[in-house]
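Remember, predicted model here, so these are calculated numbers, not experimental data. Quick note: numbers below take in every heavy atom, side chains included, and nothing from hydrogens, waters or symmetry partners.
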Amino acid sequence: MSSPKKNQNNGFFSAMTSGFSMFGNAMHRSVNGLLGYEGVEVINPEGGKEDAEEEAQRGRWKQEDRDSYWKMMHKYIGSDITSMVTLPVLIFEPMTMLQKMAELMEYSYLLDRADECEDPYMRLVYASSWAISVYFAYQRTWKPFNPILGETYEMANHGGISFISEQVSHHPPMSAGHAENEHFTYDVTSKLKTKFLGNSLDVYPLGRTRVTLKRDGVVLDLVPPPTKVNNLIFGRTWVDSPGEMIMTNLTTGDKVVLYFQPCGWFGAGRYEVDGYVYSAAEEPKVLMTGKWNESLSYQPCDVEGEPLPGTELKEVWHVADVPEKDKFQYTHFAHKINSFDTAPRKLLASDSRLRPDRYALERGDLSKAGAEKSSLEERQRAEKRNREAKGHQFTPRWFDLTDEIASTPWGDLEVYRYNGKYTEHRAAVDSSDSINEVDVRSTEFSPWQYGNLSAE
């Protein structure tokens with residue numbers, strides 16, 4: 001495996017310029033005016049321009065559904081459609097965005113190692129590898145359900161972690177999450193921003209992610225790259241995340257910059273990640289290279305970014321085995337997230353696992369899933385009208401809105417902070433049988449009981 005080369009002018013690696021050029025070429029492999037539809041861009045990541053028209057006929061859509069959906073969607077080209085459009089359940093996976101947030105915890109042992117590590121640069125190798133690891137799961141092309149306001153997701157029984165996420169705002173859609181074990185705390189406020197481009201969608205991760213390593217109190221800040229979802233309607237849908245991921249040690253000023261290579265002609269560069277760990281003085285200390293769908297390796301380097309003599313690449317992370325021919329391309333961990341194996345003893349009745357539309361889709365009943373999804377959305381609108389009529393304002397249960405405004409590459413963000421009440425709640429639940437929540441360990445319950453949310 002070759003190591004990335006440092007660009008002497010800007011401190012990054014020379015592959016960046018050539019990568020952007022290749023990305024531009026790939027993006028022009030399109031079919032315009034396909035079947036009379038102007039502005040349709042179809043990209044086959046495994047082929048050349050001549051494959052685009054054939055690729056357009058593939059995908060999960062039936063022709064009549066595809067034509068109908070295009071007629072509805074083309075008016076939104078150039079818009080942020082995060083919460084504007086009602087989408088058909090045939091493009092959904094049986095998971096919500098709150099659950100998807102928890103997928104970042106699959107390889108949490110890497111954060112444990114970062115906390116245990118005394119070398120400040122290796123600490124960033126472990127922590128950034130943890131941040132990269134989730135992209136294997138994020139390449140799934142099914143859309144998760146948007147959470148109802150006040151909806152939650154809890155996870156336990158994994159790496160000693162207690163995880164809670166909550167939908168804290170409906171307009172704009174915002175989620176907050178908190179995870180903790182003996183080695184680290186993880187806090188995120190997430191607010192996706194999108195731009196619909198016809199047959200593709202740009203997704204901007206407008207959010208703030210902070211990890212605190214408990215041993216030394218080190219605080220890490222993560223800024224991920226944007227994502228592009230290609231061939232939404234025409235062709236087979238696929239995901240790319242070209243650009244930089246930056247993780248900064250706010251305590252010391254050290255940082256790691258990893259560049260996701262864009263997909264080029266015939267798939268060239270797809271999945272590749274290269275970059276460096278830098279000291280606070282912006283000198284490269286460790287090079288990192290690999291593929292986000294396979295593994296990552298590291299090697300100490302000199303100030304020019306070249307491997308130090310007598311050292312070799314060492315693997316720091318490797319993707320776990322995955323189920324074969326899984327309908328939704330789920331990992332084993334994704335299945336655990338949806339199961340009650342990772343649920344605490346008494347589950348909040350607002351938990352995503354209990355959503356009737358999600359559950360119906362998981363069982364393969366698209367008709368029931370669609371009806372339940374519409375019912376939840378209508379109830380959400382009705383409860384918003386009722387709350388506004390009473391002059392009430394929704395208040396999240398587990399997170400508090402702060403006065404802090406975080407600046408991101410894609411806009412400013414209001415920050416929510418974990419208020420600690422969930423930790424108190426879990427302690428009370430574990431010590432008492434009188435808490436009125438769903439006991440998934442001892443009760444034969446129905447997922448259709450989902451329904452006590454303060455939804456908007």
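For Y135 and F260, the ring centers sit closer than 6.0 Å to each other. Ring centers of W317 and Y107: under 6.0 Å apart, within the cut-off.
Between the side chains of S175 and S165, not a single donor N or O lies within less than 3.5 Å of an accepting N or O.
Salt bridge annotation for E93-R358: absent, with no cationic side-chain nitrogen under 4.0 angstrom from a carboxylate oxygen. Of the charged side-chain nitrogens involved, none lies within less than 4.0 Å of a carboxylate oxygen, so that E383 and K390 do not count as a salt-bridged pair. A salt bridge links R353 to D351: at least one charged side-chain nitrogen sits closer than 4.0 Å to a carboxylate oxygen.
For the side chain to side chain contact (heavy atoms under 4.5 Å, CB included) test, residues two or more places apart in sequence or in another chain that qualify with N181 are D112, I161, H183, F184. Applying the side chain to side chain contact (heavy atoms under 4.5 Å, CB included) test to V322 and every residue at least two apart in sequence or in another chain returns F136, T331.
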- Task: Please lay out, stage by stage, how T189 and E414 fare under the test side-chain contact (heavy atoms from CB on, under 4.5 Å).
- Result: CA-CA 8 Å; T189 300; E414 296 176 316; over 6 Å; no
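With hydrogens and angles disregarded, a donor-acceptor distance shorter than 3.5 Å links the side chain of E151 to the backbone of I148.
Between W142 and F328, the two ring planes are perpendicular [angle over 60°; tilted spans 30° to 60°].
Between E154 and the choices R426, R345, K346, the salt bridge (Lys or Arg N to Asp or Glu O under 4.0 Å) rule is met once, by R426.
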